[in-house]
Amino acid sequence: MNRILLVEDHERFAQLICQGLAAGGIAVDVADRIGAAWAALSQVPYQALVLDRGLPDGDGLELLQRMRRSGMGVPCLVLTARDALSDRVEGLDAGADDYLPKPFAMDELVARVRALLRRPAEARALDPQAGDLSLRTALGTLCCGDESVTLAPAEMQIMLLLARKHGETVRRTALEAAGWGMSDAVTPNALDVALHRLRRKLLAIGSRQRIVNVRGLGYALREDAAPE
């Protein structure tokens, strides 16, 4: 299932949007402030962002501009009551991919989010490579040369984060958030089970990449040392 981030501080409105998107097969995490949204974006490889402008800690466009400056290509739909032409132009100039003024029909919002999710993977920078590995998110597969293996949704999200941070240590909490979102309950051993399956799949396709446990810090995707 696709997972997106909704940045909206109105609790009831956020719930309605979540329900509408979930009915369309889109999982949603919610952040009610810029700071919380930035923390979530730094941990979870979201497929899209739905962003309100009027937030308690600033204008949502500040978050969008920060994302674009840092190289985050996550497609963004700005959702706001500010519907003047100048506001729409300002949002698009800040890096938004679409702009939907309130009030709106839920069917239209779902359709617009789906349109963002259908964009080519290259444009969304969702298919990273790491050493001899490549991920094909549209197919749900992990590839090494001519070999490939299917990944479960949580496994794909975990591998996306490890691949983007190739060689770097990623904290356990970040991997759990990537696999199951910021709001879903995660059983204590869910990540361990997912990592075990991923390690077996890496071996099955002949990759030299390994998921290593950096004791006390987290996990990293690194190339296995060449045999002597």
Side-chain angles (χ1 to χ4, degrees), residues 1-24 26-117 124-125 157 160-161 164-165 170-186:
M1 178 180 284
N2 290 304
R3 182 174 293 277
I4 74 166
L5 178 65
L6 168 64
V7 188
E8 169 62 60
D9 64 312
H10 191 288
E11 184 176 356
R12 178 56 181 161
F13 189 52
Q15 289 176 349
L16 291 172
I17 294 175
C18 289
Q19 291 170 4
L21 291 170
I26 302 169
V28 187
D29 286 340
V30 181
D32 62 357
R33 283 168 170 73
I34 293 173
W38 179 255
L41 287 162
S42 300
Q43 296 185 69
V44 182
Y46 291 107
Q47 279 76 49
L49 172 69
V50 176
L51 177 65
D52 188 23
R53 287 196 59 175
L55 298 167
D57 55 346
D59 187 335
L61 294 187
E62 297 172 13
L63 171 65
L64 182 56
Q65 290 169 333
R66 182 179 180 184
M67 289 169 53
R68 298 306 186 232
R69 286 195 301 268
S70 68
M72 286 187 187
V74 182
C76 176
L77 167 65
V78 173
L79 191 66
T80 177
R82 304 181 187 181
D83 60 353
L85 175 60
S86 59
D87 292 317
R88 295 197 298 274
V89 170
E90 184 180 14
L92 295 170
D93 284 345
D97 298 272
D98 200 358
Y99 200 103
L100 182 61
K102 303 174 185 177
F104 57 87
M106 187 60 67
D107 287 347
E108 182 178 6
L109 173 62
V110 174
R112 285 174 180 258
V113 171
R114 282 177 173 164
L116 291 183
L117 296 173
R124 291 186 281 141
Q157 297 302 318
L160 280 169
L161 181 55
R164 290 196 177 105
K165 300 287 187 180
V170 183
R171 293 188 178 278
R172 184 183 184 90
T173 52
L175 291 172
E176 289 176 338
W180 296 275
M182 303 292 289
S183 55
D184 292 353
V186 183

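Please read all numbers here as calculations on a predicted model, not as lab measurements.
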So ring-ring contact (aromatic ring centres under 6.0 Å, His included) across residues 73-93, not counting sequence neighbours, yields none
Sorted by first residue and then second, give each salt bridge (Lys or Arg N to Asp or Glu O under 4.0 Å) pair with at least one member in residues 61-76; sequence neighbours left out.
Arg68-Asp97
What ring-ring contact (aromatic ring centres under 6.0 Å, His included) pairs are there with at least one residue in residues 57-104, not counting sequence neighbours?
Phe13-Phe104
Sequence-distant partners of Asp59, side chain to side chain donor-acceptor pair (under 3.5 Å), two or more places apart
Arg53, Arg82
Among all residues two or more places apart in sequence or in another chain, which pass the side-chain contact (heavy atoms from CB on, under 4.5 Å) test with Pro56?
Asp9, Arg33
Closest non-hydrogen atoms of Cys18 and Val30, given as atom of the first, atom of the second and distance, are SG-CG2, 3.4 Å
Closest non-hydrogen atoms of Leu61 and Glu90, given as atom of the first, atom of the second and distance, are CD1-CG, 3.8 Å
Find the distance between CG (Leu63) and SG (Cys76) and round it off to the nearest 0.5 Å.
7.5 Å
Partner set under side-chain contact (heavy atoms from CB on, under 4.5 Å) for Arg171, not counting sequence neighbours:
Thr173
Which atoms form the tightest heavy-atom contact between Ala40 and Tyr46, and what is the distance?
O-CE1, 3.6 Å
Heavy atoms only: give me the nearest Glu8-Ala14 pair and the separation to one decimal.
CG-CB, 4.0 Å
Can you tell me which residue pairs pass the ring-ring contact (aromatic ring centres under 6.0 Å, His included) test with a partner in residues 61-82, sequence neighbours excluded?
none
Tell me which pairs pass side chain to side chain donor-acceptor pair (under 3.5 Å) where either residue lies in residues 103-113, with sequence neighbours left out.
Asp98-Arg112, Glu108-Arg112
Looking at residues at least two apart in the chain, or sitting in another chain, which of them share a side-chain contact (heavy atoms from CB on, under 4.5 Å) with Val170?
Leu161, Leu162, Lys165, Ala174, Leu175
With sequence neighbours left out, the residues meeting side-chain contact (heavy atoms from CB on, under 4.5 Å) with Ser86 are Ala84
